[in-house]
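No experiment lies behind these values; they were computed from the predicted model shown.
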Amino acid sequence: MAVLSEQARARLGAAWMRDASEQRQSCAFTKPDLAAAIAAVDQWVEDNQVAFNQALPQPFRGAATTPQKIEILAYVLWRRIGRLTVPEDG
């Protein structure tokens, strides 16, 4: 997959700012700082695709589609920051 377009990155930043505002998070950085962080993370993902794929165990690695692999990563990250809860949590 290719890196996000500038428009997609800008929209991601806007969504992040809305979420942060709704959660009343204070931020000690500027919009350009956020944009640079988004670009850096996006590029890191691009640069580390092979390592991520190789970290996945078989048979999942061979059977899952690229979007499914990325979704698993997203689910793990959302769970780590407390944004993904499931009925099993009670």
Side-chain angles (χ1 to χ4, degrees):
M1 297 188 113
V3 295
L4 298 170
S5 68
E6 288 301 317
Q7 182 181 47
R9 287 178 177 180
R11 289 177 177 174
L12 189 155
W16 190 91
M17 287 185 288
R18 277 192 301 274
D19 286 350
S21 177
E22 288 173 7
Q23 296 172 21
R24 302 190 191 285
Q25 293 181 21
S26 68
C27 301
F29 49 84
T30 64
K31 287 181 183 179
D33 294 338
L34 175 60
I38 290 168
V41 169
D42 190 28
Q43 188 61 55
W44 181 87
V45 169
E46 181 69 16
D47 294 344
N48 290 282
Q49 288 181 71
V50 172
F52 171 65
N53 192 54
Q54 291 300 313
L56 296 170
Q58 289 290 10
F60 182 86
R61 181 186 333 144
T65 65
T66 298
Q68 289 170 329
K69 293 172 187 178
I70 295 167
E71 189 172 34
I72 290 294
L73 174 61
Y75 268 56
V76 169
L77 295 174
W78 278 84
R79 184 71 177 188
R80 281 179 164 232
I81 64 168
R83 294 281 298 268
L84 176 65
T85 58
V86 296
E88 292 81 1
D89 292 337

Atom CZ of Arg83 with >12 non-hydrogen neighbours under 6.0 angstrom: yes

Before you tell me yes or no, could you show the steps for Leu4 and Arg11 under side-chain contact (heavy atoms from CB on, under 4.5 Å), namely the whole-Å CA-CA distance, both residues' side-chain angles and the distance that decides it to 0.1 Å? CA-CA 10 Å; Leu4 298 170; Arg11 289 177 177 174; over 6 Å; no

Which atom of Thr85 lies closest to which atom of Arg79, heavy atoms considered: CA-NH1, 3.8 Å

Provide the full list of ring-ring contact (aromatic ring centres under 6.0 Å, His included) pairs with a residue in residues 16-63, sequence neighbours left out, each pair given once. Trp16-Phe29

From CG (Asp33) to SG (Cys27), nearest 0.5 Å: 10.5 Å

For Ile38 and Leu12, the nearest pair of non-hydrogen atoms, with its separation, is CD1-CD2, 3.6 Å

CG of Asp42 to CZ of Arg9: how many Å apart, nearest 0.5 Å? 4.0 Å

Show which side-chain atoms of residues 62-73 pair as donor or acceptor with protein atoms under 3.5 Å away, not counting sequence neighbours.
{"unit_1": "Thr65", "atom_1": "OG1", "unit_2": "Gln68", "atom_2": "N", "d": "3.2"}
{"unit_1": "Thr65", "atom_1": "OG1", "unit_2": "Gln68", "atom_2": "OE1", "d": "3.2"}
{"unit_1": "Gln68", "atom_1": "OE1", "unit_2": "Thr65", "atom_2": "N", "d": "2.7"}
{"unit_1": "Lys69", "atom_1": "NZ", "unit_2": "Asn53", "atom_2": "OD1", "d": "2.7"}
{"unit_1": "Lys69", "atom_1": "NZ", "unit_2": "Arg61", "atom_2": "O", "d": "2.8"}

